> 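Before we start, here is the structure in question, set down as structure tokens.
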Amino acid sequence: MILAGLQKNSFIDFPGKISCVLFTTGCNFICPYCHNADLARGEYPARFELAQVIDFLESRRGMLEGVAITGGEPTLDSGVVDLCRAVKSLGYPVKLDTNGSRPAVLRGLLEQHLVDFIAMDIKAPLDDYHPFSRTPGIHERLTASIRLIMESAPAYEFRTTCAAPFVSETTIETIARTIEGAACYVLQPFNRRAACLDPEFNQRQDPTIFAEEMKRLMALAQPFVRRCIIR
Ligand code: SF4
């Protein structure tokens, strides 16, 4: 497996742990606000072979507490299983970011105990994914991933990026009902840090949802989940 990026230290990508971040490339979604547009398009800002990553992780034993794998969409590459196995064999807990579109891959990873934490993005109510995915049967796939994660992941969170016009009070309440009983639901305010995947979205006046509205969204979601936070 070739990885498209390696961030040596992160305090935010693996909750509660100092981690490094490994980036896979390629994504089957088309989220307009995607900040990793090059990775989503399958481009390689850099190239790391698995052996290089292993060498790096061996050199950081005792300094890093975990490894976060993100993308792009990591589950698209069948090499993700070997990657997780290699990282686990070095003694590092693995956190995986996913858009939830490949429940069979998630199932395989969970059955083999190769992931310790899964963060799944929920972009919108599941029957309203058109701006994000044209994958046939995506509703059913996302539903399967949500169930699987809630039933079998050692730790997990669901996350929604809050950007206008995709998020509203109705949107968030609908998503929260879908994941009712979930351990953690994270609302992420959109911040324009770089050019996004969709050029039209880049022209939008201001997709930011500000602090007071974010608090209202959190209050709406909170009754349905065990913990709801803004991050
Ligand atoms: S934000 Fe969307 S398009 Fe970008 S990597 Fe994540 S799922 Fe893919």
Side-chain angles (χ1 to χ4, degrees), residues 1-7 10 12-15 21-46 48 68-80 83 95-106 109 115 117-146 148-149 156-167 171-172 175 178-179 185-204 207-209 231:
M1 180 182 201
I2 297 172
L3 292 159
L6 165 60
Q7 185 182 327
S10 170
I12 57 172
D13 284 276
F14 194 151
V21 187
L22 306 179
F23 295 86
T24 66
T25 189
C27 188
N28 53 350
F29 277 19
I30 47 168
C31 310
Y33 50 63
C34 178
H35 275 135
N36 289 335
D38 49 355
L39 294 178
R41 291 190 203 102
E43 294 165 8
Y44 285 89
F48 297 90
I69 302 172
T70 191
E73 172 51 38
T75 63
L76 292 183
D77 190 324
S78 57
V80 75
L83 172 64
K95 182 238 185 184
L96 183 77
D97 290 343
T98 182
N99 61 24
S101 62
R102 306 286 305 277
V105 177
L106 295 179
L109 291 168
V115 283
F117 192 113
I118 296 179
M120 176 178 159
D121 290 341
I122 302 181
K123 315 283 182 187
L126 302 191
D127 58 0
D128 196 18
Y129 252 63
H130 197 67
F132 307 100
S133 171
R134 312 279 157 83
T135 304
I138 192 64
H139 186 153
E140 290 74 18
R141 291 180 187 217
L142 297 171
T143 301
S145 291
I146 290 169
L148 184 65
I149 289 168
Y156 67 90
E157 65 187 25
F158 297 109
R159 311 181 298 201
T160 298
T161 297
C162 297
F166 306 111
V167 159
T171 305
I172 292 298
I175 296 172
T178 303
I179 55 168
Y185 182 32
V186 181
L187 303 179
Q188 306 179 132
F190 172 82
N191 291 308
R192 200 191 292 281
R193 298 191 300 266
C196 299
L197 185 60
D198 180 357
E200 273 183 36
F201 184 79
N202 288 324
Q203 303 303 320
R204 286 191 69 87
T208 308
I209 294 176
R231 183 191 290 149

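Read the numbers this way: they start at 1 and go in the same order the structure lists the ligands and their atoms. Quick note: residue numbers are just sequence positions, from 1. If you're wondering where the values come from, they're calculated on a predicted model, not measured in any experiment. Values below: all heavy atoms of this structure, side chains included; hydrogens, waters and symmetry mates excluded.
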> Checking side-chain polar atoms at under 3.5 Å, does Thr98 have a donor or acceptor matched by the opposite partner on Glu73?
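Thr98 vs Glu73: donor-acceptor pair found between side chains.
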
> Find out whether Leu39 and Pro45 are in side-chain contact, i.e. whether some heavy atom of one side chain is under 4.5 Å from a heavy atom of the other.
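They are in contact (side-chain heavy atoms under 4.5 Å apart), so the answer is yes.
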
> Output, by chain and residue number, all protein N/O/S atoms separated from atom 2 (Fe) of ligand 1 by less than 2.8 Å.
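Cys31 SG, with waters left out.
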
> Going by the rule side-chain contact (heavy atoms from CB on, under 4.5 Å), which residues pair with Asn202 if we only count those two or more places apart in sequence or in a different chain?
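So Asn202 forms a side-chain contact (heavy atoms from CB on, under 4.5 Å) with Arg192, Ala195, Cys196.
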
> Run the side-chain donor-acceptor check on residues 157-164: report pairs under 3.5 Å with partners two or more places apart or on a different chain.
from: Glu157; atom 1: OE1; to: Arg231; atom 2: NH2; distance (Å): 2.9
from: Glu157; atom 1: OE2; to: Arg231; atom 2: NH1; distance (Å): 2.9
from: Arg159; atom 1: NE; to: Asp121; atom 2: OD1; distance (Å): 2.9
from: Arg159; atom 1: NH2; to: Asp121; atom 2: OD1; distance (Å): 3.1
from: Thr160; atom 1: OG1; to: Ile122; atom 2: O; distance (Å): 2.8
from: Thr160; atom 1: OG1; to: Tyr185; atom 2: OH; distance (Å): 2.6
from: Thr161; atom 1: OG1; to: Gln188; atom 2: NE2; distance (Å): 3.3

> Answer with yes or no whether the side chains of Thr135 and Asn28 bring together a donor and an acceptor at under 3.5 Å.
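Checked: Asn28/Thr135 side chains show no N/O donor-acceptor pair below 3.5 Å.
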
> Would you please name every residue forming a side-chain contact (heavy atoms from CB on, under 4.5 Å) with Thr70, sequence neighbours left out?
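side-chain contact (heavy atoms from CB on, under 4.5 Å) check on Thr70 returns Val21, Phe23, Asp97.
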
